[in-house]
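Have a look at the structure below, then the notes.
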Amino acid sequence: MKFKCSPMEPYRIKMVEPIGQTTRREREKILEEAGYNVFAIPAEKVTIDLLTDSGTGAMSQDQWASLLKGDESYAGARSFYRFEATIKKIFGFRHVIPTHQGRAAERILFEAMIKKGDFVPNNIHFDTTMANILVRQAHPVNLVIDEAYDPKLEIPFKGNMDPEKLEKLYHQKKGHIPLVMITITNNSGGGQPVSMANIREISHLCRRFKLPLFFDACRFAENAFFIKEREKGYEGKSILEICREMFSLADGALVSAKKDGLANIGGFITLNDDSLAEKLKHLLIISEGFPTYGGLAGRDLEAISRGLEEVLDESYLRHRINQVRYLAKLLEEGGIPIFKPIGGHAVYLLADEFLPHIPREQYPAWALTVALYREAGIRAVEVGGVMFAQKKGRGGKEIFPPLEMVRLAIPRRVYTASHLEYVAQSIIELFKNRQKIRGLKIVSSRDPLRHFTARFEPV
Ligand code: F0G
């Protein structure tokens, strides 16, 4: 990671949005009112918002211009056909089903495919995927390679699924695995990419076992960029060619367009199976809308079509990935423990190393999100014990996930290098005074996805 200066933004700014400024005293009060949950803080009271890279990106002038061309017809809108053509060009599947966002795609696909007691493997399930499987009384299973849980190990494709684990699960749970999933990039495991070789190997296994393979492909272009950068034989290929090859190895994909779709809302399912597609469209009509709009406005479909084209631009992707690396470099120079290598959309702080004096039962990563907001008005998200702990037995003990992290997700085309410098400086300052940070206890929560609404108190 060598930068002579910060990576230059490949765009200039045409519209500006003021940033919230608050005092430490105000933030202390806001935290108390929010039950020490940063999801409950009004965005206006946040200085730098790194809660998520989902739906928070800035649209381009072409995307904004395209909104005026949105065809708002209920059925057969021109905007749908454009959306469908763009997705077919990149993903190559026969059917394209719009949804209002990624988790709606999950809910509909899982309703059609998953029965009570089934097992659904993934490298690592994202929280909403996991929840949508749990509500069907089925079991999400994470089969990422063991190395993924070593936060310091630098290997190029730490998001890979372990084929041996998949084979083992197949033999143990034969007849109870309705589909296999691969998340690109692996959000819950540090935003790490999956290699083409691994995708090919998993795809071969799935074909042998006659199991459909679906990508959770929100950050597909970032994954393709890493393949181009790191995998032999792909240096000279375009991002589009790499995407086409990745998707040719699967049966379909679920996509939240709020990430690499460069849009503020939207998602889709794309797949080859005709009869499954019919079933999905029927489910779509019941809750999302007619299959040519799926809960979106015609103008949203236009913005997503353009966004999907723009995300394939290598100069965009290079800056995107380098911007994340730049923040990581500044943090590392300040001695901050972070997950390595640096993923595509975020830097992940290792909260258990940052706050070794706070036990897991007092949620160190959550405590760090609270401290970051209190000290600097920065909002980040916990990816640790609050988000992913499993409960054992009746009202029982929590089993904590292997990684206890805080994710600093970088919204696309939103913040400049100086914003990132502010973030790094603030975190380095906080690190010097980390002894003062206290743990938290949960006072109310509701499963699944308790992190969105739980309330806490300092211990
Ligand atoms: N899958 C992955 C890997 C995701 O990261 C997300 C969303 C979803 C599915 C669901 O998509 O939000 O459109 O319903 N991730 C956001 C995040 C929320 O902050 O990482 P959605």
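In listed order, ligands and their atoms are each counted from 1. Values below: every heavy atom of this structure, side chains too, minus hydrogens, waters and symmetry copies. For clarity, every value in this text was computed on a predicted model and none was experimentally measured.
Distance check: Asn122 CG to Ser188 OG gives 8.5 Å after rounding to the nearest 0.5 Å. Summarising the geometry, atom CD belonging to Gln390 is positioned 11.5 Å from atom CZ belonging to Phe400; distances are rounded to the nearest 0.5 Å. Atom CG of Leu312 and atom OG1 of Thr86 lie 10.0 Å apart (nearest 0.5 Å). Between atom CG of residue Leu349 and atom CG of residue Leu331 there is a gap of 6.5 Å, rounded to the nearest 0.5 Å. With values rounded to the nearest 0.5 angstrom, Ile114 atom CD1 is found 5.5 Å from Leu179 atom CG.
Surrounding CD of Glu164 are at most 12 heavy atoms belonging to other residues, nucleotides or ligands under 6.0 Å away.
In this structure, atom 8 (C) of ligand 1 lies nearest to the protein heavy atom Phe126 CD2, 3.6 Å. Closest to atom 13 (O) of ligand 1, if we only count protein heavy atoms, is Ser256 OG, 2.7 Å. Closest protein heavy atom to atom 10 (C) of ligand 1: Thr128 OG1, 3.5 Å. If you check which protein heavy atom lies closest to atom 1 (N) of ligand 1, you get Asp216 OD2, 2.7 Å.
Interface atoms of ligand 1 facing Thr52, defined by a heavy-atom separation under 4.0 Å, are 16 (C), 17 (C), 19 (O). Near Arg219, the atoms of ligand 1 lying under 4.0 angstrom from a non-hydrogen atom of the residue are 3 (C), 4 (C), 5 (O), 17 (C), 20 (O). Per-residue contacts place Gly102 under 4.0 angstrom from the following atoms of ligand 1 (heavy atoms of the residue considered): 11 (O), 13 (O), 14 (O), 21 (P). Of all the atoms in ligand 1, the ones that sit under 4.0 Å from a non-hydrogen atom of Thr183 are 3 (C).
Asn187 and His345 form a side-chain donor-acceptor contact under 3.5 Å, judged by distance and modelled atom types alone. Between the side chains of Thr22 and Arg27, at least one donor N or O lies within less than 3.5 Å of an accepting N or O.
For atom 9 (C) of ligand 1, the choice among Arg103, His345, Glu106 with the nearest heavy atom turns out to be Glu106. Taking only non-hydrogen atoms, the option from Arg107, Lys258, Gln101, Lys259 nearest to atom 16 (C) of ligand 1 is Lys259.
If you look at Tyr293 and Tyr74, their ring centroids are closer than 6.0 Å.
Heavy atoms of Cys218 come nearer than 4.0 angstrom to ligand 1 in at least one pair.
Under 4.0 Å from ligand 1, the heavy atoms of Arg407 that appear belong solely to its side chain.
The shortest N or O to N or O distance between Asn187 and ligand 1 is under 3.5 Å.
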